[in-house]
Amino acid sequence: MARALSVKEVDAKKLPTLTLSERWHNMVGEIAPTGVWLIWGKSGSGKSSFVMQLCKELCRHYKGIYNSLEEGISLTLQNNIRTNRMSEVNSRLAFVEESIEELNERMTKRMSPHFYIIDSLQCTGLSPKTYDEFVNIHKKNKLIIFVSQADGLRPKGRVGDHALFMADEKIWVEGFRAQTFGRFIGPEETFVIWPERAQAYWGAQVKADLTIK
């Protein structure tokens with residue numbers, strides 16, 4: 001049995017953290033570099049653009065894999081890459097279309113990338129049980145980001161509900177704006193994905209001076 005830690009010992013423990021650039025820090029603050037995130041939203045909400053922008057930010061620190069299960073290597077994905085100028089991080093991000101079993105094998109290899117986008121959760125075939133089995137293997141060493149379809153205001157299906165409950169960071173995307181409901185919260189809690197479209201959806205609630213960088 002491991003020794004129990006006192007309040008002071010826990011408070012003094014040096015834990016790894018990651019500080020993102022200003023716009024991202026304003027939404028999520030200082031984050032843990034490993035763990036599990038869930039991003040969900042309805043079709044046409046700006047979710048795909050948000051995920052690609054997040055990839056670009058994380059590529060400032062790590063190499064990553066985007067597992068495009070829902071769209072595949074498609075024209076839609078290609079347009080998203082071009083819109084968000086992903087060529088700027090060309091050597092830091094790779095795209096695959098792999099089953100969870102294949103992705104698990106990739107993640108366990110020596111010198112494998114640090115972060116993984118899995119798009120979408122519903123296309124993995126995971127159940128709540130196999131979801132736990134998969135993330136428990138990797139969450140202490142990798143950053144795993146599931147993208148989920150939505151049913152109303154919640155992630156779709158039993159596995160979506162389970163992932164929402166278990167995730168470290170939970171981000172809802174609506175009207176080209178993302179909002180965090182997770183364990184990492186910055187001073188603004190929101191992120192504007194596409195200012196013009198967000199302004200049209202939300203009106204004066206969106207700050208007009210926020211731009212995509």
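The first residue in the sequence is number 1, and the count goes up from there.
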Student: May I ask you to say whether E105 pairs ionically with K109, meaning some side-chain N is under 4.0 Å from a carboxylate O?
Tutor: no

Student: For residues P33 and P16, report the shortest heavy-atom separation together with the two atoms involved.
Tutor: CD-O, 3.3 Å

Student: Are Y62 and M86 linked, directly or through other ILVMFWY residues, by side chains that come within less than 4.5 angstrom of each other?
Tutor: yes

Student: Can any side-chain N or O of T130 pair as donor or acceptor with the backbone N or O of S127 at less than 3.5 Å?
Tutor: yes

Student: Scan V147, V173, L164 and name whichever one has a side chain to side chain contact (heavy atoms under 4.5 Å, CB included) with W40.
Tutor: L164

Student: Does I31 share a hydrophobic cluster with F115, counting links as ILVMFWY side-chain heavy atoms below 4.5 Å and allowing steps through other members?
Tutor: yes

Student: For E189, look at atom CD and say whether over 12 heavy atoms of other residues, nucleotides or ligands are found less than 6.0 Å away.
Tutor: yes

Student: Decide yes or no for R23 and M27: does some side-chain heavy atom of the first lie under 4.5 Å from some side-chain heavy atom of the second?
Tutor: no

Student: Run the side-chain contact (heavy atoms from CB on, under 4.5 Å) check on E71 and N80 step by step: do they pass?
Tutor: CA-CA 11 Å; E71 293 184 348; N80 197 9; 5.9 Å; no

Student: Nearest heavy-atom pair of I193 and S49: which atoms, and what distance?
Tutor: CG2-CB, 3.8 Å

Student: For L69, which of L103, D119, T124, L121 qualifies under side chain to side chain contact (heavy atoms under 4.5 Å, CB included)?
Tutor: T124

Student: Using modelled atom types and a 3.5 Å cut-off, is there a donor and acceptor pairing between side-chain atoms of N67 and backbone atoms of E98?
Tutor: yes

Student: Is there a side-chain contact (heavy atoms from CB on, under 4.5 Å) between V96 and E102? Walk through the geometry before answering.
Tutor: CA-CA 10 Å; V96 299; E102 292 170 319; over 6 Å; no

Student: CD/E101 to CG/N104 distance, rounded to the nearest 0.5 angstrom?
Tutor: 8.0 Å

Student: Group every Ile, Leu, Val, Met, Phe, Trp and Tyr by side-chain heavy-atom contacts under 4.5 Å, then state whether V28 and M166 land in the same group.
Tutor: no

Student: Apply side-chain contact (heavy atoms from CB on, under 4.5 Å) to Y201 and R177, showing your working.
Tutor: CA-CA 9 Å; Y201 186 95; R177 186 172 71 177; over 6 Å; no

Student: With no hydrogens and no angle check, is any side-chain donor or acceptor of Q122 less than 3.5 Å from a backbone partner on K156?
Tutor: yes

Student: By the definition side chain to side chain contact (heavy atoms under 4.5 Å, CB included), identify the one residue from L75, I81, N79 that meets it with L77.
Tutor: I81

Student: Looking only at non-hydrogen atoms, find the nearest pair between S112 and R106 and report the distance.
Tutor: CB-O, 3.4 Å

Student: Would you check if the side chain of N136 reaches a backbone N or O of D132 as a donor-acceptor pair within less than 3.5 Å?
Tutor: yes

Student: When rounded to the nearest 0.5 angstrom, what is the spacing between NE2 in H138 and CG in L143?
Tutor: 13.0 Å

Student: For a 4.5 angstrom cut-off between non-hydrogen side-chain atoms, does D161 reach R154?
Tutor: yes

Student: With a cut-off of 6.0 Å (strictly less than), are more than 12 heavy atoms of other residues, nucleotides or ligands near CZ of F165?
Tutor: no

Student: For the hydrophobic clusters of this structure (ILVMFWY residues joined by side-chain heavy atoms under 4.5 Å, transitively), does one cluster hold both V36 and I171?
Tutor: no

Student: Return yes if some donor-acceptor pair links the side-chain N/O of E169 with the main-chain N/O of F184 below 3.5 Å, else return no.
Tutor: yes

Student: Start with the C-alpha gap between K13 and E9, add the side-chain angles, then the distance that decides, and say whether salt bridge (charged side-chain N to carboxylate O under 4.0 Å, His left out) holds.
Tutor: CA-CA 6 Å; K13 196 172 180 64; E9 286 174 320; over 6 Å; no

Student: Measuring from atom NZ of K63 to atom NE2 of H114, what distance do you get when rounded to the nearest 0.5 angstrom?
Tutor: 14.0 Å

Student: Parallel, tilted or perpendicular: which fits the ring planes of Y131 and F146, with parallel below 30° and perpendicular above 60°?
Tutor: tilted

Student: In Å, rounded to the nearest 0.5 Å, how long is the span from CG of D151 to NZ of K42?
Tutor: 9.0 Å

Student: Hey, quick one: are I117 and I100 part of the same hydrophobic cluster, counting side-chain heavy atoms closer than 4.5 Å, chains of contacts allowed?
Tutor: no

Student: Going through the distances and angles, do F191 and F50 end up as a ring-ring contact (aromatic ring centres under 6.0 Å, His included)?
Tutor: CA-CA 9 Å; F191 181 97; F50 174 75; 5.6 Å; yes

Student: Quick one: does R197's side chain have a donor or acceptor within less than 3.5 Å of a partner on F176's backbone?
Tutor: no

Student: For residues S68 and G72, report the shortest heavy-atom separation together with the two atoms involved.
Tutor: OG-O, 2.9 Å

Student: Quick one, L18 with H61, criterion side-chain contact (heavy atoms from CB on, under 4.5 Å). Give me CA distance, side-chain angles, the key distance, then yes/no.
Tutor: CA-CA 9 Å; L18 178 62; H61 305 274; 3.4 Å; yes

Student: Is the side chain of K142 donor-acceptor paired with the backbone N or O of P113 at a distance under 3.5 Å, no angle test?
Tutor: yes

Student: Any side-chain heavy atom of D168 sitting closer than 4.5 Å to one from K139?
Tutor: no

Student: Under the 3.5 angstrom rule, does the side chain of Q149 hit a backbone N or O of S120 as a donor-acceptor pair?
Tutor: no

Student: Between M107 and F134, is any pair of side-chain heavy atoms under 4.5 Å apart?
Tutor: yes

Student: Nearest 0.5 angstrom please: Q53 CD to W194 CH2, how far?
Tutor: 10.0 Å

Student: Looking only at heavy atoms, what is the nearest atom pair of S148 and L38, with distance?
Tutor: CB-CD1, 3.8 Å

Student: At what distance, to the nearest 0.5 angstrom, does SG of C59 lie from CG of L93?
Tutor: 4.5 Å

Student: For E88, is there any backbone N or O sitting under 3.5 Å from a side-chain donor or acceptor partner on K56?
Tutor: no

Student: Counting only heavy atoms not in R60, do more than 12 sit closer than 6.0 Å to its CZ atom?
Tutor: yes

Student: Looking only at non-hydrogen atoms, find the nearest pair between G160 and P155 and report the distance.
Tutor: O-CB, 3.5 Å

Student: Return yes if some donor-acceptor pair links the side-chain N/O of W172 with the main-chain N/O of F181 below 3.5 Å, else return no.
Tutor: no

